[in-house]
Undergrad: 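Structure below; questions to follow.
Quick note: residue numbers are just sequence positions, from 1.
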Amino acid sequence: MTEHFVGKYEVEYKFRVKAHDLLLQRLISLGASEFVVNNREQDTYYEMADHALAQQKISMSVRSMEPSGIKLWIVKGPGDDRCEAVNVESVEKTDSMLRTLGYRAAFEIAKQRSIYFYQQFHITLDSVSELGCFAEIAVMTNDVDQLETLRHQCLELGVKLGLNGVDIEPRSYRQLLGHNELNQCLG
């Protein structure tokens, strides 16, 4: 993983956007670099039968990205800022190991995603078929004392990119798709 994804804390703002064209032009004009473009991401979220993770405000997922071939195990929470990810060699093996530990696949989310780097930030351009287009500005750190400063810097970058504060979407894709209660499992 690149240094843009290193840290145990993540500051992230998600914005609803009508389309990505103008935002992409602004990213390019700032000198942002491409990381992955037009990847198909498949996230499988896991939970225990007793909803122990949700009760602790933790989400755990395994992500497969194509055509980049990136595979990640991601844990977010507890709390809004905690987020850690690690590369995995095999999504299938990771799924098997999690099931052995008692986790079940609760639901899946698919999206089209492009990721760009600008300074220490990563900017994602997402399209979720059921929800529409989004842009996320995020940065990771190991220093909890930097979180407030990084929040301000993310918002400042949003202004540079023409993203309006009223378009901030505070809910996760999981919440937007109605997966707050994990009472149905895929298997």
Side-chain angles (χ1 to χ4, degrees), residues 2 4-43 45 54 56-61 63 65 72 74-85 107-182:
T2 171
H4 282 87
F5 302 112
V6 175
K8 62 182 175 181
Y9 301 101
E10 179 182 48
V11 173
E12 177 184 84
Y13 287 95
K14 181 190 316 334
F15 298 83
R16 285 188 175 271
V17 296
K18 290 184 180 14
H20 293 130
D21 299 343
L22 185 57
L23 182 56
L24 183 55
Q25 289 174 10
R26 289 179 177 148
L27 279 168
I28 292 168
S29 73
L30 287 176
S33 60
E34 294 178 354
F35 176 59
V36 294
V37 177
N38 293 325
N39 262 252
R40 293 175 311 283
E41 289 190 2
Q42 182 74 33
D43 294 345
Y45 286 80
Q56 297 174 70
K57 297 186 191 269
I58 295 174
S59 73
M60 180 172 60
S61 61
R63 173 175 294 164
M65 300 168 63
L72 300 170
I74 304 165
V75 176
K76 290 190 175 194
D80 293 335
D81 298 320
R82 208 46 213 264
C83 177
E84 293 184 88
F107 60 91
E108 295 179 344
I109 297 176
K111 59 186 167 290
Q112 188 84 12
R113 174 173 276 186
S114 296
I115 303 173
Y116 296 85
F117 296 147
Y118 176 71
Q119 298 174 352
Q120 77 266 33
F121 304 97
H122 51 277
I123 299 96
T124 63
L125 307 180
D126 289 344
S127 178
V128 182
S129 61
E130 301 91 342
L131 301 173
C133 294
F134 297 87
E136 294 178 350
I137 298 173
V139 61
M140 306 227 21
T141 183
N142 280 312
D143 187 353
V144 70
D145 295 330
Q146 288 295 308
L147 294 176
E148 198 56 40
T149 299
L150 293 171
R151 281 186 190 87
H152 292 295
Q153 291 175 350
C154 282
L155 291 172
E156 288 172 0
L157 178 55
V159 169
K160 279 185 184 178
L161 293 172
L163 299 169
N164 192 326
V166 298
D167 295 322
I168 290 175
E169 175 53 70
R171 296 168 291 177
S172 67
Y173 295 134
R174 169 185 172 167
Q175 292 168 324
L176 289 168
L177 290 168
H179 295 295
N180 290 336
E181 296 299 321
L182 302 176

Undergrad: Taking salt bridge (charged side-chain N to carboxylate O under 4.0 Å, His left out) as the definition, give me every residue that meets it alongside Arg16, ordered by chain and number, with sequence neighbours left out.
TA: Glu169
Undergrad: Provide the full list of salt bridge (Lys or Arg N to Asp or Glu O under 4.0 Å) pairs with a residue in residues 130-139, sequence neighbours left out, each pair given once.
TA: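 For residues 130-139: Lys14-Glu136, Arg113-Glu136.
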Undergrad: What verdict does the side chain to side chain contact (heavy atoms under 4.5 Å, CB included) test give for Glu12 and Lys76, after you've listed the backbone C-alpha separation in whole Å, the side-chain angles of each residue and the deciding distance to 0.1 Å?
TA: CA-CA 12 Å; Glu12 177 184 84; Lys76 290 190 175 194; 4.2 Å; yes
Undergrad: Any side-chain to backbone donor/acceptor pair from Ser114 onto Asn38? Under 3.5 Å, distance only.
TA: yes
Undergrad: Between Thr124 (side chain) and Asp126 (backbone), is there a donor-acceptor pair under 3.5 Å?
TA: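 Checked: no pair found.
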Undergrad: Minimum heavy-atom separation for Ile74 to Ala85, with atom names?
TA: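 Distance-wise, the nearest heavy atoms are CG1-CB, 3.9 Å.
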Undergrad: Under the rule for ring pair (Phe, Tyr, Trp, His ring centres under 6.0 Å), what residues qualify as partners of Tyr173, not counting sequence neighbours?
TA: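 With sequence neighbours excluded, Tyr173 shows a ring pair (Phe, Tyr, Trp, His ring centres under 6.0 Å) to Phe134, given in chain and number order.
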Undergrad: Let me see the working for Gln153 and Gln120 under side-chain hydrogen bond (donor to acceptor under 3.5 Å, both in side chains), right down to the final yes or no.
TA: CA-CA 10 Å; Gln153 291 175 350; Gln120 77 266 33; 3.1 Å; yes
Undergrad: Let me confirm one number: the CG-CD1 distance from Leu163 to Ile168, rounded to the nearest 0.5 Å.
TA: 9.0 Å
Undergrad: Under a 3.5 Å distance rule, please check whether Asn39 uses its side chain to pair with a backbone N or O of Glu41 as donor and acceptor.
TA: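 Answer holds: no.
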Undergrad: Between CG of Leu131 and CG of Leu177, what distance do you get to the nearest 0.5 Å?
TA: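 CG of Leu177 is found 4.5 Å from CG of Leu131.
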Undergrad: Identify, with sequence neighbours excluded, every residue that meets side chain to side chain contact (heavy atoms under 4.5 Å, CB included) alongside Val75.
TA: Ile58, Met60, Trp73
Undergrad: Other residues, nucleotides and ligands only: do more than 12 of their heavy atoms fall within 6.0 Å of CG on Asp167?
TA: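 Result for CG/Asp167: enclosed.
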Undergrad: Roughly how far, to the nearest 0.5 Å, is the SG atom of Cys133 from the CG atom of Leu23?
TA: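 That separation rounds to 10.5 Å.
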Undergrad: About how many Å separate OG1 of Thr141 and CD of Glu10, when rounded to the nearest 0.5 Å?
TA: 11.5 Å
Undergrad: With sequence neighbours left out, what residues match Asp81 under salt bridge (charged side-chain N to carboxylate O under 4.0 Å, His left out)?
TA: Arg151
Undergrad: Could you check whether any side-chain N or O of Gln42 sits under 3.5 Å from a backbone N or O of Ala110, counting only pairs where one atom can act as donor and the other as acceptor?
TA: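 Not a single qualifying donor-acceptor pair exists.
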Undergrad: So, taking the atom named CG in Leu155 and the one named CG in Leu150, what distance separates them when rounded to the nearest 0.5 Å?
TA: 11.0 Å
Undergrad: Any chance you could measure Tyr118, atom OH, to Ile123, atom CD1, to the nearest 0.5 Å?
TA: 8.5 Å
Undergrad: Could Lys8 and Glu84 be called an ion pair, given the rule that one side-chain N must be under 4.0 Å from one carboxylate O?
TA: no
Undergrad: Identify, with sequence neighbours excluded, every residue that meets salt bridge (charged side-chain N to carboxylate O under 4.0 Å, His left out) alongside Arg40.
TA: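 Once residues adjacent in sequence are excluded, Arg40 has no partner under the salt bridge (charged side-chain N to carboxylate O under 4.0 Å, His left out) criterion.
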Undergrad: Could you check if a side-chain atom of Arg82 sits within less than 4.5 angstrom of a side-chain atom of Tyr9, using non-hydrogen atoms only?
TA: yes
Undergrad: For the pair Leu125 and Tyr116, evaluate side chain to side chain contact (heavy atoms under 4.5 Å, CB included) and give the outcome as yes or no after the intermediate values.
TA: CA-CA 8 Å; Leu125 307 180; Tyr116 296 85; 3.8 Å; yes
Undergrad: Yes or no on side chain to side chain contact (heavy atoms under 4.5 Å, CB included) for Leu176 and Val128, after CA distance, side-chain angles and deciding distance?
TA: CA-CA 11 Å; Leu176 289 168; Val128 182; over 6 Å; no
Undergrad: Is Arg174 salt-bridged to Asp43, going by a charged N under 4.0 Å from an acidic O?
TA: no
